Peer 1: 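For reference, the structure I am asking about is given below.
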Amino acid sequence: MASSISVNSISTYSKYLRCNRNYCLSASVALRGAINFPVKCSSSSNLSCERSCRFGIVRASCTEEVVDDHEFDNGDDLHVSCYYIDSNLNAFAISTAQVYSNTPADFDFKLESLAQGFRSLSDFTEHLASSVDIVFPVIHGRFGEDGGIQELLERSNIPFVGTGSTQCQKAFDKYDASLELDRQGFVTVPNFLIQGNEMDESGLSKWFEKNLLDIKSGKVVVKPTRAGSSIGVSVAYGVSDSLTKANGVISEGIDDKVLIEIFLEGGSEFTAIVLDVGSGFNCQPVVLLPTEVELQSHGTVDVSEKDAIFNYRRKYLPTRQVAYHTPPRFSMDVISKIREGASLLFQRLGLRDFARIDGWVLPPSSKASTSAGNKFGRTDSGTVIFTDINLISGMEQTSFLFQQASKVGFSHSNILRTIIQHACLRFPDLLSHNIISRPSRRRSKSSSVTEEFIKQHKKVYVIFGGDTSERQVSLMSGTNVWLNLRASDDLEVTPCLLAPAMSYTDVSDSAKQEVDEKFKTVWTLPYSLLLRHTTEEVLDACLEAIEPNRAALTSHLRNQVMDDLTRGLRNHSWFNGFDISDELPKKFSLEQWVKLAKESQATVFIAVHGGIGEDGTLQSLLEAEGVPYTGPGAMASKTCMDKVATSLTLQHLTDFGVLTINKDVKKKEDLLKMSISDLWLDLKSKLHCDTLCVKPARDGCSTGVARFCEGDLAFYVNALQDCLPRIPPNSLSKAHGMIEMPNPPPELLIFEPFVETDDIVVASKSRNENAHNLLWKGDSRWVEVTVGVVGKRGSMRSLTPSVTVKESGGILSLEEKFQGGTGINLTPPPPSIMSSAALERCKKHIELIANSLQLEGFSRIDAFVHADTGEVLIIEVNTVPGMTPSTVLIHQALSEQPPLYPQQFFRTLLDLASERSM
């Protein structure tokens, strides 16, 4: 009988780094999800010795109940459990459902009453020792990469993935790592250390002079020595500004050690994944294809953009402020030096299993290049400098680990299984277990799958992208849907990019609408090209892939890396090959693509937010050819896309508890012509309110949505006139976060009264020593909710509503809606806010709205709900709602009984589309 290995994933956060705990939660979603994608053994010789592995992920989350074992089942060979360690180092067992939360704040207030907690870390490690075979820590930053969790596991002799505690301590501290790199003969960035409250102005001034920096204006980077995700990193000018920003890092509790480094002018940033393929303790690191990180600016540049750094927002939010190139656009000697140097660092620092190493390539004329001497890093084309060692690489769906791994033949599942299996080699007690790193059964079409095998599979085309400001969220949604659906045995899923028809910056909305649909293009994508952060990046990758010279370089480097990997991995019986082939993208006109879908008898899963994806255009094209698709029909989509038409359609439901918000629609050209005072008087007379909300008529994802008073109107109109890409936080009179603006500016804008709701605050233990609590005054009695609806036309069913908690400004930001690690969603609404009776009445009203609008398949309805009566004040209806890993639809599906996990949820939506076409 097969014994079981348990793979255990742990994540936590330190009190210093709120963002890191949120990101490690996002990482564990991808980790758990990727391992969950089924695999199929292709070699019968391995079946006799196959065993299952109990695997633990330590991460940031909690459980509402003890879940059945089958919920953790990840195939025959893996059994995944998840754990959460809070800011006070309290450990909890969590359900897999909680992994999909946006942030730990989604459930922190429920931990002590509903989670399975451990009295101490000693009890926790005792539990792991008896329940788990190996632990996979995915804690970013403090306690995760500084050796904290590793030391805890080492003291109890618990096997774990990754580098040991002593080596983590040295590599994580940027100052200590810099000293070690210098001792090892590598070029390093000149730096100055500030510790605690010792602001050594004299010493820093001398350092500025030594490095030929002006004391008053010399440009430097200020960063914590022990933090991740670029948290606390800023640009400073001169000694005084440097000390001020260093003091800010210390006073905010981010770190008590701060590093000041020379700003590397004219350099190019890169990052490289290192994978150990050696046997046991015999280290054999292979560096995958590095990625070049290119910071970009588009349109009007913010004042702060001249100081652009690869910060937290640019790392984890898909915007056009950054682009990635894998492989990098460097010369061959530089790429070779990066791979050689990262491999040497991995060995000399004593790292294990895998890591990510970041650095810069500086031109030969730079100061660092000319002063490098004979140290490692110099090439004829520039100097390579390694700056950061990441012991636990990011693991979101499109993170560098998966981007670079897919370029050399690894699927998400295969690369993670390879890392886990390699870690098992260090522990003799685990040698009898075999987590077979076998190719995924959902392999790409050109791999060794018979034609008959493919014919038996149902074809699915997942389409995403488009022209609107929602295109980046659309890419996130499409990627998530594709990854989940491709795990189904009976589906052949193809990701498809609806490419932009023309430049965004030079064309108005009305001009874009005049473009004939036949000029729009759709690209079918291979696995590796989809794992990007923006649609522009995907399109550029497609064009690069078919450009002969670039394609030849990529193929050469890919083969080189795969040969290096094979030399090590072929010595392991558990490795059965790569499962991602080197395919090329294919380009079609939209008309050709629709006909291809018809000929292939495919069902189209629409993930195009806004534009032709939601206004009925794409639906009409598919209907004309008899191609089944997900979501509402053409007419319902067209109605819901028009916020005014939606309100008019629902006006007759007032007596049934469904209310609409009064609206006034203005043309952009009229706004720019009218005087601000006349405009304000006109709006106030029509809307009868002193605080208003403005939103583009045809954009979603909170793009361009702002709350304003009379004094703010001029600022917003000027932002439209100047085509600002974004409005910085707190530019208006009411506090708010970053407001992404539509590009180009919208032709029509909707003004409506701003509905006041009472803030919901999640109080931490620092405010209440007994527990995390929800604080809600409830004076107005109105709360904002978002609700998914699923089903067939005429019988749509409401999922459990989610209360949305905003961080600032009364308007949900783009990040809060769709980005893991931001925003708080309470699903279901806590009883302290809404009674079960009011909740049920709310759901009935939502279903009435859905059926009145003739929705089908699935949609999302945003509304204000009266906490006592359940009355609904409709905001908008999204017929192609966000489907990112962190969206509330996922949370609501998981609240169903039994829970619908993402793979099941998306399959349900697909089946509804197929049933409608029969």
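Please read all numbers here as calculations on a predicted model, not as lab measurements.
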Peer 1: For the side chain of D146 and the backbone of F143, is there at least one donor-acceptor N/O pair under 3.5 Å apart?
Peer 2: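 Answer holds: yes.
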
Peer 1: Does any non-hydrogen side-chain atom of F402 lie less than 4.5 Å from one of S411?
Peer 2: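 SC-SC contact between S411 and F402 ruled out.
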
Peer 1: With side chains defined as the heavy atoms from C-beta onward, is the minimum distance between L498 and W523 less than 4.5 Å?
Peer 2: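 Side-chain contact under 4.5 Å: no.
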
Peer 1: Do the side-chain N and O atoms of N480 and T884 include a donor-acceptor pair separated by under 3.5 angstrom?
Peer 2: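 No, no side-chain donor-acceptor pair sits under 3.5 Å.
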
Peer 1: Quick check: closest heavy atoms across K337 and V384, and the distance to 0.1 Å?
Peer 2: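 Taking K337 first and V384 second, the nearest heavy atoms are CG-CG2, 3.9 Å.
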
Peer 1: Measure across G144 and I149 and return the closest heavy-atom pair with its distance rounded to 0.1 Å.
Peer 2: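 Smallest interatomic distance, heavy atoms only, reads O-CG2, 3.8 Å.
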
Peer 1: Kindly indicate, with the supporting measurements, whether the criterion side chain to side chain donor-acceptor pair (under 3.5 Å) is fulfilled by S381 and D333.
Peer 2: CA-CA 7 Å; S381 305; D333 61 337; 3.1 Å; yes

Peer 1: What do the steps show when you test R471 against H609 for side-chain contact (heavy atoms from CB on, under 4.5 Å), and what is the final call?
Peer 2: CA-CA 7 Å; R471 62 193 180 278; H609 302 315; over 6 Å; no

Peer 1: Identify the residue among V481, T494, L485 that makes a side-chain contact (heavy atoms from CB on, under 4.5 Å) with V460.
Peer 2: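 Going through V481, T494, L485 one by one, the side-chain contact (heavy atoms from CB on, under 4.5 Å) with V460 is satisfied by L485 alone.
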
Peer 1: Please state whether the rings of Y324 and H533 are parallel, tilted or perpendicular, taking 30° and 60° as the class boundaries.
Peer 2: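 Ring orientation, 0 to 90° scale: tilted.
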
Peer 1: Enter the distance from E269:CD to D388:CG here, rounded to the nearest 0.5 Å.
Peer 2: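 With rounding to 0.5 Å, CD (E269) is 8.0 Å from CG (D388).
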
Peer 1: Is a side-chain N or O of T398 found less than 3.5 angstrom from the main chain of L531, in a donor-acceptor match?
Peer 2: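 Not a single qualifying donor-acceptor pair exists.
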
Peer 1: Between S555 (side chain) and A551 (backbone), is there a donor-acceptor pair under 3.5 Å?
Peer 2: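 No, the answer is negative, given that no donor and acceptor are paired below the 3.5 Å cut-off.
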
Peer 1: Donor-acceptor check, side chain of E145 to backbone of I392, threshold 3.5 angstrom: yes or no?
Peer 2: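 At least one qualifying donor-acceptor pair exists.
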
Peer 1: Any Lys/Arg nitrogen of D540 or R532 sitting under 4.0 Å from an Asp/Glu carboxylate oxygen of the other?
Peer 2: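 Looking at D540 and R532, the cut-off is not met.
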
Peer 1: Give a yes or no answer on whether the side chain of N414 reaches the backbone of G577 with a donor-acceptor pair at less than 3.5 Å.
Peer 2: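 Checked: pair present.
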
Peer 1: Atom CH2 in W482, atom CD in Q397: separation rounded to 0.5 Å?
Peer 2: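 So the CH2 of W482 and the CD of Q397 are separated by 9.5 Å.
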
Peer 1: Quick check against the 3.5 Å criterion: does E547 have a side-chain atom that pairs as donor or acceptor with the backbone of R550?
Peer 2: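 A pair under 3.5 Å: yes.
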
Peer 1: D276 versus F354: any side-chain heavy-atom pair under 4.5 Å?
Peer 2: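 Sidechains of F354 and D276: no contact.
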
Peer 1: Test ring-ring contact (aromatic ring centres under 6.0 Å, His included) on F578 and F410 and set out the steps.
Peer 2: CA-CA 6 Å; F578 304 102; F410 288 105; 5.2 Å; yes

Peer 1: What heavy-atom pair brings G610 and T468 nearest, and what distance separates the two atoms?
Peer 2: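 Residues G610 and T468, closest heavy atoms: C-CG2, 3.8 Å.
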
Peer 1: Compare every heavy atom of P881 with every heavy atom of L889, then report the nearest pair and how far apart it is.
Peer 2: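 Taking L889 first and P881 second, the nearest heavy atoms are CD1-CG, 3.5 Å.
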
Peer 1: Indicate whether the side chain of T163 and that of R352 have a donor and an acceptor atom separated by less than 3.5 Å.
Peer 2: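 R352 and T163 do not have a side-chain donor-acceptor pair below 3.5 Å.
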
Peer 1: Side chains of Q150 and Q167: any donor to acceptor distance under 3.5 Å?
Peer 2: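 Not at all, the side chains of Q167 and Q150 share no donor-acceptor pair under 3.5 Å.
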
Peer 1: How close do E740 and P725 get, heavy atom to heavy atom, and via which atoms?
Peer 2: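 Nearest heavy atoms, E740 then P725: OE1-O, 3.8 Å.
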
Peer 1: Report yes or no: do S343 and R339 form a side-chain donor-acceptor pair below 3.5 Å?
Peer 2: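 No, because no side-chain N or O of S343 sits under 3.5 Å from a partner of the opposite role on R339.
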
Peer 1: When rounded to the nearest 0.5 angstrom, what is the spacing between OG1 in T554 and NZ in K407?
Peer 2: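 These two atoms lie 5.5 Å from each other.
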
Peer 1: Run L288 and L565 through side-chain contact (heavy atoms from CB on, under 4.5 Å) and show every step you take.
Peer 2: CA-CA 9 Å; L288 307 187; L565 290 166; 4.1 Å; yes

Peer 1: Taking the side chain as C-beta and beyond, is there a heavy-atom pair between V189 and I385 under 4.5 Å?
Peer 2: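 Yes, at least one pair of side-chain atoms sits under 4.5 Å.
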
Peer 1: Can you tell me how far the OG1 atom of T566 sits from the CG atom of N571, to the nearest 0.5 Å?
Peer 2: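 Reported value, rounded in 0.5 Å steps: 10.5 Å.
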
Peer 1: Check the orientation of H422 and H572. Use parallel for under 30°, tilted for 30 to 60°, and perpendicular for over 60°.
Peer 2: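 It falls in the perpendicular class, over 60°.
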
Peer 1: When you compare the side chain of L345 with that of I357, does any pair of heavy atoms fall below 4.5 Å?
Peer 2: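 With C-beta onward as the side chain, the pair touches.
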
Peer 1: Assess the residue pair F906 and I890 against the criterion (side-chain contact (heavy atoms from CB on, under 4.5 Å)); give the C-alpha distance rounded to whole Å, side-chain angles, the decisive distance to 0.1 Å, and a yes or no.
Peer 2: CA-CA 10 Å; F906 293 132; I890 301 297; 3.8 Å; yes

Peer 1: Start with the C-alpha distance between F400 and V293, add both sets of side-chain angles, then the distance that settles side-chain contact (heavy atoms from CB on, under 4.5 Å), and finish with yes or no.
Peer 2: CA-CA 11 Å; F400 294 123; V293 179; 4.2 Å; yes

Peer 1: Atom OG in S406, atom NE2 in H412: separation rounded to 0.5 Å?
Peer 2: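 So the OG of S406 and the NE2 of H412 are separated by 7.5 Å.
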
Peer 1: For the residue pair W574 and T418, establish whether any side-chain heavy-atom pair is separated by less than 4.5 Å.
Peer 2: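 A side-chain contact under 4.5 Å exists here.
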
Peer 1: Walk me through whether Y461 and F464 qualify under ring-ring contact (aromatic ring centres under 6.0 Å, His included).
Peer 2: CA-CA 10 Å; Y461 289 174; F464 46 85; over 10 Å; no

Peer 1: Could you report the tightest heavy-atom contact between I338 and A272, atom names first, then the distance?
Peer 2: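 Looks like CG2-CB, 4.4 Å.
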
Peer 1: Check whether the side chains of Q404 and T291 place a donor and an acceptor atom closer than 3.5 Å, and report yes or no.
Peer 2: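 Judged by distance alone, the side chains do pair up.
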
Peer 1: Which residues pass the salt bridge (charged side-chain N to carboxylate O under 4.0 Å, His left out) test with R329, sequence neighbours left out?
Peer 2: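 Residues passing salt bridge (charged side-chain N to carboxylate O under 4.0 Å, His left out) with R329: E292, E294.
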
Peer 1: So, using salt bridge (charged side-chain N to carboxylate O under 4.0 Å, His left out) as the criterion, who are the partners of K223 when residues are at least two apart?
Peer 2: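 Scan of K223 (salt bridge (charged side-chain N to carboxylate O under 4.0 Å, His left out), adjacent residues dropped) gives E261.
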
Peer 1: Could you tell me whether the side chain of N390 reaches within less than 4.5 Å of the side chain of F172, counting heavy atoms only?
Peer 2: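 No; the side chains remain at least 4.5 Å from each other.
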
Peer 1: Would you say the side chain of L483 lies within less than 4.5 Å of the side chain of Y527, judging by non-hydrogen atoms?
Peer 2: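 Yes, close enough: below the 4.5 Å cut-off.
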
Peer 1: Kindly compute the distance separating SG (C542) from CG (L584), expressed to the nearest 0.5 Å.
Peer 2: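 The SG atom of C542 sits 10.0 Å away from the CG atom of L584.
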
Peer 1: Kindly say whether E470 contributes a backbone atom to a donor-acceptor pair with the side chain of S474 at under 3.5 angstrom?
Peer 2: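 Checked: no pair found.
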
